[in-house]
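Proteins get letters first, then strands, A, B, ... in listed order; numbering begins at 1 in each.
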Amino acid sequence: MSRHQPIRVVKGMRDILPPDSALWGRVEHVAREVFRAYAYQEIRTPIVEVTELFARGVGQDTDIVTKEMYTFDDRDGSSLTLRPEATASVVRSYIENRMHERPGVKKLFYMGPMFRRERPQKGRYRQFYQIGAEAIGSESPTVDAEIIEMLFVMLNRLNLQGASMLVNSVGCAQCRPVFIERLRNELEKIKDQLCLDCQRRTVTNPLRVLDCKVPEDQPLIESLPVLSGLLCEGCKQHFDEVQSYLNDRKIPFVVSPRMVRGLDYYTRTTFEIVHGNLGAQNALLGGGRYDGLSEDLGGPPAPGIGFSIGEDRFILALGSADNAESSVDLYIAWMGEAAFRHAAELARELRSHNVAVEVASDPVKLKKSLEIASRLGAPYVLIVGDDEIAQARYALKNLSNSEQQTVSREELFQRFAGPAS
RNA sequence: GUGAGCGUAGCUCAGCUGGUAGAGCGCCGGACUGUGGCUCCGGUGGUCGAGGGUUCGAACCCCUCCGCUCACCCCA
């Protein structure tokens, strides 16, 4: 029939349809409430940025920058990139709009799509959504504790079960290089006993070896030095205070000395929330401190901390809670042209009172209208025909118990639109 | 980028050692001229992912490609 192939979504991208879209809306709504309670304000940055922002911000040698970005040349030849994450953009905006000149910590949140060109799998998409927050302008551990508390509140309010919070410190520009050197030396000694991936990591990214999941490697990895034992005085004290404040707040967390984050800008506190039903991609959310990022991007010193929730994964973890709320309060069935006009007028009035009304679109049999209403999940059907118009009384049928009564226009509005305002 | 599994009706799937396609659900109509869900009856449904090869004959065997899924790498 059709000579054209149907057009399909781009690989790794997807439509979020009802009723799922309602769950997405609910998650975002709750997130906004909690952000507000913690005095965060929304920031909306462009989805496209100059490529250099991510190269410098995320890190020239990270996987994200070297092989996962959607990068293209604009018509004037400049290189642009679809954002693979949002922190770099927020900090860019912070600098560009001179937010450091305002007093106090700048607390911002965002939500929206990010893009990474990876092979799709469970919980991983090429267009995925993040809900995140950044607190910029202080290196105090009180900020770390507060932001983690906020996350904890958010998760509880959304009723997420079975998640656990992992916390670590990855040190600063002073102590981390020293540690990496020490680790590399140790790794060289045992290199040929490790899995092939770890042999490669020894060269490319020694920290990742600590995160290796191959069972045979575990005993060897256990014996390797751990960063938390080699933090400089400042970092150690900072991490101790963060933990102390989290304990004050009764927030359950696990210190996870081998947790490694993938972006170059992280310093000191890093954290992650993992969940059991996400397939192999068990990280629901990740975050940490980035005390040097502003300066890396040419800005003033502006220590900050932030996190990002993978919304797709979050929803996966929540499971398919059957939240099939009806989208309609009242369905109007009509018989005949005159009745349609009457029904349309009634619908307009009711809708102006925020009643969700659906009107039959085509002249179909009443039987069919009832069937459609029933499948829409409408609780009531209003039947409008010539008789009803003549008597100025409508038949109102309750679809859940099949009871039917006749109501006047006033009674109808009373019932659905509430007391007249 | 690498690997594995899977592509048969709108959906979920069956289809034996090759003999050219089936079920359930859905959809449309009827039983029931203005009263849904249940039931019964009838109807609609597919170049078996695409192309090529082997064969008298291919959904089934072989090759190539495409798509989806999961996993690796890495990450939210």
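Counting to the nearest Å, the P atom of B:A76 and the CD atom of A:E28 are 19 Å from each other. As a whole-Å value, the separation of A:L366 CG from B:G36 C1' is 9 Å. One can place CD of A:E371 at 17 Å from P of B:C32, the figure rounded to the nearest angstrom.
Looking at A:R119, its side chain has no donor and acceptor atom pair within 3.5 Å of the base of B:A71. Side-chain to base pairing of A:K397 with B:G36: one donor and one acceptor N or O lie within less than 3.5 Å of each other. For A:E118 against B:G1, a side-chain-to-base donor-acceptor contact under 3.5 Å is absent.
For B:G7, the paired base is B:C66 (Watson-Crick or G-U wobble, both distances below 3.5 Å). Pair check for B:U12 finds B:A23; Watson-Crick or G-U wobble, both atom distances under 3.5 Å. B:U39 is paired with B:A31 under the criterion used here, namely a Watson-Crick or G-U wobble arrangement in which both key atom distances are under 3.5 Å. Judged by Watson-Crick or G-U wobble contacts below 3.5 Å, the nucleotide B:C61 has B:G53 as its partner. In this entry B:G46 has no Watson-Crick or G-U wobble partner, no candidate having both defining distances under 3.5 Å.
Contact annotation for A:L284: backbone-only contact, meaning every heavy-atom pair under 4.0 Å involves sugar-phosphate atoms and none involves a base. Among the protein residues, A:I372 comes within range of no part of the nucleic acid, since none of its heavy atoms lies under 4.0 Å from any strand. Using a 4.0 Å heavy-atom criterion, one finds that A:G123 contacts the bases of the nucleic acid, with or without backbone contacts as well. As judged by a 4.0 angstrom heavy-atom cut-off over every strand, A:A283 is placed among residues touching the sugar-phosphate backbone only. A:Q127 comes within 4.0 angstrom of nothing in the nucleic acid, heavy atoms only. The residue A:L285 sits close only to the backbone: its heavy atoms come under 4.0 Å of sugar-phosphate atoms, none of a base. Among the protein residues, A:Y125 comes within range of the nucleic acid bases, having at least one heavy atom under 4.0 Å from a base atom. Nucleic acid contact for A:S400: base, since at least one base atom lies under 4.0 Å from a heavy atom of the residue. Residue contacts shown for A:R8 are limited to sugar-phosphate atoms, with no base heavy atom under 4.0 Å away.
Side-chain atoms of A:H238 come within 3.5 Å of backbone N or O of A:E139 as a donor-acceptor pair. Within the 3.5 Å criterion, the main-chain N or O of A:A356 finds a donor-acceptor partner in the side chain of A:D329.
Between B:U35 and A:K368, no contact under 4.0 Å exists linking OP1 or OP2 to a side-chain N or O. Look at A:K365 and you won't find any side-chain N or O under 4.0 angstrom from OP1 or OP2 of B:U35. In this model, the phosphate group of B:C72 is approached by a side-chain N or O of A:Q121 to a distance below 4.0 Å at OP1 or OP2. Applying the 4.0 Å criterion to OP1 and OP2 of B:A71, one finds that A:R124 has every side-chain N and O outside that range. Note on A:R201: a side-chain N or O is less than 4.0 Å away from OP1 or OP2 of B:C73.
Geometrically, A:R249 does not engage A:F152 in a cation-pi contact defined by less than 6.0 Å to the ring centre and at most 45° from the axis.
Nucleotides B:G37 and B:C32 have their C1' atoms positioned 15 Å apart, rounded to a whole Å.
Side-chain rings of A:F35 and A:F109 approach one another, their centers coming within less than 6.0 Å.
Relative ring orientation between A:F271 and A:F307 is described as tilted, the plane-to-plane angle lying within the 30° to 60° band.
Between the side chains of A:Y129 and A:Q127, at least one donor-acceptor pair of N or O atoms lies under 3.5 Å.
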